[in-house]
Enquirer: 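So that we are looking at the same thing, I have put the structure below in structure tokens.
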Amino acid sequence: QSDQLAPKYIKKLQLYFAIDASSPIKSLMKDGDDYLIHFVPSEKITLRLGTSFISRQLAKSNQPAEDEKTLYQENCGLWNDKLERIEVSQENRADRSTFYHNLYRCFLFPQRCYERDSGQNPIHKDFYSGEIKTGYLFMNTGFWDTAKTLFPLLTLVDQPMFEEMLEGFYNVFLESGCLPKWLAPEEKGSMPGTLVDSVIADAAVKHIRDDLMPDFYQAMIKTAETQNDKPEYGRTYSNLYREFGYVPGDNEESVNHTLDYAYSDFCISQVAKVLGDAKGESYFLKRSLNYQNLFDKKVGFMVAKDRDGTFSDESFSPFSWGGAYTEASAFQTTFSVFHDIAGLISCYESKEHFQKVITRLSNENTSYEVNTYQRVIHEMREMERNGFGQLNIGNQPSFHLPYLSAYIGKPYLYQPLLKQLKTQLFSNSITGLPGDEDNGSMAAWYVFNTLGFYPFCPGSGEYVLGIPTFERATIKLSNGNQLTIKTNHSKPQYQFVDHVALNNQTYRHSYISHNLIAKGGLLDFSLGIVPNEDCFAKTLPFSVTNTL
């Protein structure tokens with residue numbers, strides 16, 4: 001492909017390869033843009049392939065030394081090691097198959113973009129300077145999608161690899177000047193926000209790579225506070241957000257940018273807290289409440305606001321996609337306040353009013369208006385096909401929505417919903433996902449929800465309890481401990497959690513801390529046919545408002 005036709009990054013991103021053949025080449029012919037290789041006839045011809053993003057020499061050294069049988073056995077061993085980190089037992093074989101299909105996808109991304117030198121040290125190509133650097137690098141991950149499901153799962157079952165990933169993400173900061181948003185392998189700037197902040201904060205509160213946190217903290221602040229000349233780097237509207245306390249509506253996807261920035265501010269405050277910076281913690285925690293600036297009490301949704309402080313609600317429709325919202329409408333976007341649902345509830349007239357709104361979220365029809373998209377995009381069609389009202393679990397903005405009633409002390413309201421989402425929308429067939437899987441994000445959502453707990457707000461150190469799927473599941477945690485999740489009465493008609501016990505002691509909270517999970521033990525769910533409103537005490541999951 002000529003330089004004139006190639007994408008700009010092609011000049012930096014080159015794939016070198018080396019192929020050895022077990023039979024000599026008889027002839028090499030050019031056929032248009034292709035080459036036809038004719039080998040000396042042989043009963044069996046083996047090609048040994050090595051690739052590299054760095055050099056021809058490394059491509060040669062990356063060729064496998066083992067024979068096919070040994071390679072097959074080694075790779076089976078590697079995959080079995082990954083998949084055996086969570087073992088599930090269930091009479092229904094299709095359920096087990098669906099689970100491992102999704103668990104497999106969780107280990108596909110992000111992909112390694114580093115290699116090993118002759119001394120087996122990690123090295124990678126700096127795609128911004130073209131130089132070869134030491135250290136780890138990863139690619140093909142978008143944090144808007146993966147930050148709140150995939151990476152929290154890796155902290156539990158693949159922490160050594162997650163630690164390498166963190167180092168790789170920091171290398172991106174050193175080489176590009178901003179923390180990454182979407183690596184493929186350079187920064188592509190797709191989607192709003194800088195939700196790698198969520199990954200860092202989650203690691204900080206779980207005390208993973210404490211050695212990196214002082215540097216990450218400074219990188220988070222720089223990325224948040226410095227407007228980059230390139231809009232795809234860092235916070236696209238950083239200056240406007242600081243000036244107005246929100247991103248004005250004359251900017252694309254202004255509501256999503258504002259809400260994501262507010263959540264990232266919370267994440268920065270959590271890293272500041274871990275590092276003992278009380279001033280930084282207070283500053284960013286206060287700024288994390290900026291989401292309130294876009295809540296329009298008149299319509300009860302997050303709405304774009306003009307620079308003069310006027311809401312753009314004259315023609316507002318909660319069914320309208322695009323414009324101020326990303327791959328969604330106000331129905332899915334309004335509740336993207338992961339760190340402060342209690343504060344969001346206070347924006348409504350009462351908890352009862354909030355309950356009516358989230359009830360409507362699921363019970364509403366699947367109508368949508370294409371608005372600025374000017375066409376039906378696949379996320380709209382998937383919501384329509386899935387048939388769960390405005391709760392579009394086929395896309396990331398809806399991943400946390402089923403759990404909202406936990407924050408009004410009524411988790412029993414979402415338990416049947418979770419069970420239906422898992423059983424109706426996921427399977428082991430070629431149509432077994434409700435939407436675009438996006439680098440392991442949807443697969444990790446399924447894995448968490450079959451286990452019975454979910455990282456609603458990464459960076460809080462908590463998981464909200466759901467309803468498990470399997471009769472028994474054992475998680476082999478990266479710290480060497482094991483957590484066994486046992487479910488009594490996992491048949492279809494048992495749609496509610498009747499009783500929970502942790503290590504044989506009644507557990508009445510609707511959430512569980514990471515520290516308790518990390519200790520391992522036995523988490524025992526007894527399910528019921530009708531709801532038990534007294535199963536959980538009136539203790540609510542984490543919200544910033546409840547800590548102030």
Side-chain angles (χ1 to χ4, degrees), residues 105-106 108-113 136-155 158 161-173 175-206 208-209 212 216-217 219-224 228 230-238 253 256-268 270-271 326-328 336 338-339 395-400 436-445 448 455-460:
R105 294 196 62 85
C106 294
L108 292 177
F109 299 98
Q111 296 169 321
R112 292 183 181 92
C113 198
Y136 300 105
L137 189 68
F138 290 81
M139 64 177 179
N140 294 340
T141 189
F143 295 97
W144 193 80
D145 299 289
T146 57
K148 299 187 297 297
T149 55
L150 176 63
F151 289 105
L153 181 64
L154 296 181
T155 68
D158 206 357
M161 181 58 67
F162 177 68
E163 292 180 357
E164 290 184 5
M165 292 173 185
L166 287 173
E167 191 170 331
F169 301 153
Y170 186 68
N171 284 334
V172 173
F173 170 77
E175 293 160 11
S176 72
C178 283
L179 288 169
K181 294 166 67 174
W182 193 286
L183 297 175
E186 291 177 278
E187 178 61 77
K188 299 306 171 190
S190 300
M191 315 310 288
T194 53
L195 292 186
V196 67
D197 295 324
S198 171
V199 179
I200 298 167
D202 202 44
V205 299
K206 295 174 180 177
I208 299 173
R209 289 307 300 261
L212 285 176
F216 263 133
Y217 181 45
M220 295 169 88
I221 293 174
K222 180 184 176 183
T223 302
N228 198 285
K230 299 178 180 179
E232 67 268 25
Y233 286 68
R235 296 191 183 186
T236 306
Y237 305 115
S238 177
E253 300 175 333
N256 276 88
H257 278 284
T258 299
L259 300 186
D260 285 349
Y261 295 170
Y263 173 51
S264 278
D265 284 342
F266 161 74
C267 292
I268 299 172
Q270 290 294 85
V271 178
T326 306
E327 294 183 359
S336 296
F338 317 100
H339 59 294
N395 202 28
Q396 288 73 25
S398 288
F399 278 1
H400 67 298
D436 193 348
E437 203 275 331
D438 282 327
N439 304 141
S441 61
M442 191 174 297
W445 184 94
F448 267 120
F456 188 99
C457 177
S460 68

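We use all heavy atoms of the structure for the numbers below, so side chains are in, but hydrogens, waters and symmetry mates are not.
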Enquirer: List in chain and number order the residues that pass salt bridge (Lys or Arg N to Asp or Glu O under 4.0 Å) with Glu327, two or more places apart in sequence or in another chain; answer none if no residue qualifies.
Expert: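 For Glu327 there are no salt bridge (Lys or Arg N to Asp or Glu O under 4.0 Å) partners, ignoring immediate neighbours.
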Enquirer: Under the 3.5 angstrom rule, does the side chain of Thr326 hit a backbone N or O of Asn256 as a donor-acceptor pair?
Expert: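 Checking the backbone N and O of Asn256 against the side chain of Thr326, no donor-acceptor pair under 3.5 Å is found.
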Enquirer: Let me confirm one number: the CH2-CG distance from Trp182 to Asn140, rounded to the nearest 0.5 Å.
Expert: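 Trp182 CH2 to Asn140 CG: 9.0 Å, rounded to 0.5 Å.
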Enquirer: Would you sort out whether Leu154 and Met165 count as a side chain to side chain contact (heavy atoms under 4.5 Å, CB included), showing the intermediate values?
Expert: CA-CA 10 Å; Leu154 296 181; Met165 292 173 185; 3.8 Å; yes
Enquirer: Pair Asp436, Met442 - check side chain to side chain contact (heavy atoms under 4.5 Å, CB included), show working.
Expert: CA-CA 8 Å; Asp436 193 348; Met442 191 174 297; 5.6 Å; no
Enquirer: What is the distance from atom OG1 of Thr236 to atom CE of Met191, rounded to the nearest 0.5 Å?
Expert: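 Reported value, rounded in 0.5 Å steps: 11.5 Å.
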Enquirer: Judged by atom type as modelled, is there a donor-acceptor pair below 3.5 Å linking the side chain of Ser238 to the main-chain atoms of Ala224?
Expert: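 A pair under 3.5 Å: yes.
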Enquirer: Holding to salt bridge (Lys or Arg N to Asp or Glu O under 4.0 Å), I want the full list of residues that pass it with Asp202, two or more places apart in sequence or in another chain.
Expert: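 Scan of Asp202 (salt bridge (Lys or Arg N to Asp or Glu O under 4.0 Å), adjacent residues dropped) gives Lys206.
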Enquirer: In terms of side-chain heavy atoms, does Asp438 have a donor or acceptor partner in Trp144 at a distance below 3.5 Å?
Expert: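 No, no side-chain donor-acceptor contact under 3.5 Å.
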Enquirer: Using 30° and 60° as the class limits, which term best fits the ring planes of Phe151 and Phe143: parallel, tilted or perpendicular?
Expert: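 Ring orientation of Phe151 relative to Phe143: parallel.
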Enquirer: Could Arg209 and Glu167 be called an ion pair, given the rule that one side-chain N must be under 4.0 Å from one carboxylate O?
Expert: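 Yes.
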Enquirer: Mind checking what makes ring pair (Phe, Tyr, Trp, His ring centres under 6.0 Å) contact with Phe109, not counting sequence neighbours?
Expert: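 Phe109: no ring pair (Phe, Tyr, Trp, His ring centres under 6.0 Å) contacts found.
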Enquirer: Quick one: pull up OG in Ser176 and NZ in Lys181 and give me the separation to the nearest 0.5 Å.
Expert: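 Going from OG on Ser176 over to NZ on Lys181, the span is 11.5 Å.
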Enquirer: Not counting sequence neighbours, which residues clear ring pair (Phe, Tyr, Trp, His ring centres under 6.0 Å) with Tyr170? List them please.
Expert: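 Counting only residues at least two positions away or on another chain, Tyr170 forms a ring pair (Phe, Tyr, Trp, His ring centres under 6.0 Å) with Phe173, Phe216.
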Enquirer: Is Lys148 close enough and on-axis enough to Phe399, meaning under 6.0 Å and within 45°, for cation-pi?
Expert: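 Lys148 over Phe399 ring: no.
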Enquirer: Kindly compute the distance separating CG (Asn395) from OG (Ser441), expressed to the nearest 0.5 Å.
Expert: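 So the CG of Asn395 and the OG of Ser441 are separated by 8.5 Å.
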Enquirer: Please set out all donor-acceptor pairs under 3.5 angstrom arising from side-chain atoms of residues 192-201, sequence neighbours excluded.
Expert:
residue : atom : partner : partner atom : Å
Thr194  : OG1  : Asp197  : OD2          : 2.8
Asp197  : OD2  : Ser264  : OG           : 2.8
Ser198  : OG   : Tyr263  : OH           : 3.0

Enquirer: Using atom types as modelled and distance alone, determine if a side-chain donor or acceptor of Thr155 lies under 3.5 Å from a backbone N or O of Pro152.
Expert: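 Pair found, side chain donor or acceptor close to backbone of Pro152.
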Enquirer: For Glu163, give me all partners under salt bridge (Lys or Arg N to Asp or Glu O under 4.0 Å), at least two apart in sequence or on another chain.
Expert: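 Salt bridge (Lys or Arg N to Asp or Glu O under 4.0 Å) check on Glu163 returns nothing, list empty.
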Enquirer: Going from CG on Leu183 to CZ on Phe169, what distance comes out if it is rounded to the nearest 0.5 angstrom?
Expert: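 These two atoms lie 7.0 Å from each other.
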Enquirer: Please report the C-alpha distance between Arg112 and Phe138 in whole Å, then the side-chain angles of each, then the deciding distance to 0.1 Å, and finally whether the side chain to side chain contact (heavy atoms under 4.5 Å, CB included) criterion is met.
Expert: CA-CA 5 Å; Arg112 292 183 181 92; Phe138 290 81; 3.9 Å; yes
Enquirer: Could you go through Ser336 and His400, starting from their C-alpha distance and side-chain angles, then the distance that decides it, and tell me whether this counts as side chain to side chain contact (heavy atoms under 4.5 Å, CB included)?
Expert: CA-CA 8 Å; Ser336 296; His400 67 298; 4.1 Å; yes
Enquirer: In Å and rounded to the nearest 0.5 Å, what is the CG to NZ distance from Asn228 to Lys222?
Expert: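 Between Asn228 CG and Lys222 NZ, I get 8.5 Å after rounding to 0.5 Å.
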